[in-house]
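Contents: one structure, followed by commentary.
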Amino acid sequence: VLDYFARAIDFAQAAAELHPEVQWLYTGHSLGGTLAELVAAVRGARALAFAAPSVAPELRKRTRVDPASVPTWSSLALYNECDPMRWA
């Protein structure tokens, strides 16, 4: 089974090691947005997600990051007003 979250963390770590001077902004849509928010929370970075569901359950299950500890505005999720994911 492909573990997208583990792969995203590994990829972000490799990119950060290649470019340690960069302040990363992780971004994505749908599943990519969820991964962006998860990676940002774990790495203490910022995220901009489009039409992504809440990451709080995954943070609780898969990381040591308490969702309440993620600073306000460090992660922003945008939705179309007709997108059912905005209520997820």
Quick one: pull up CD in Glu58 and CD in Glu37 and give me the separation to the nearest 0.5 Å.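 Between Glu58 CD and Glu37 CD, I get 12.0 Å after rounding to 0.5 Å.
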
Same cluster or not: are [X] and [Y] linked, directly or through other Ile, Leu, Val, Met, Phe, Trp or Tyr residues, by side-chain heavy atoms under 4.5 angstrom apart?
{"X": "Tyr4", "Y": "Leu38", "value": "yes"}
{"X": "Leu35", "Y": "Val65", "value": "yes"}
{"X": "Leu31", "Y": "Val39", "value": "yes"}
{"X": "Phe11", "Y": "Leu2", "value": "no"}

Is the backbone N or O of Ala52 less than 3.5 Å from a side-chain atom of Tyr79, with the two atoms forming a donor-acceptor pair by type? yes

Any donor-acceptor pair under 3.5 Å linking the side chain of Thr27 with the backbone of Leu48?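 Judged by distance alone, yes, a pair lies under 3.5 Å.
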
Taking all heavy atoms of [X] and all of [Y], pick out the closest pair and write down the distance.
{"X": "Ala47", "Y": "Ala36", "result": "CB-O, 3.7 Å"}
{"X": "Thr63", "Y": "Leu59", "result": "OG1-O, 2.7 Å"}
{"X": "Ala15", "Y": "Trp24", "result": "O-CZ2, 3.6 Å"}

Determine whether more than 12 heavy atoms belonging to other residues, nucleotides or ligands lie under 6.0 Å from atom CD of Glu21.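 Enclosed: over 12 neighbouring heavy atoms sit under 6.0 Å from CD of Glu21.
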
Check whether any side-chain heavy atom of Phe5 lies under 4.5 Å from a side-chain heavy atom of Val42, and answer yes or no. yes

Side chains of Pro53 and Thr34 in contact at under 4.5 Å (non-hydrogen atoms): yes

Taking it one step at a time, do Arg62 and Asp3 satisfy side chain to side chain contact (heavy atoms under 4.5 Å, CB included)? CA-CA 11 Å; Arg62 309 242 352 232; Asp3 184 348; 2.8 Å; yes

Among Leu76, Thr72, Val70, which one satisfies side chain to side chain contact (heavy atoms under 4.5 Å, CB included) with Ser74? Val70

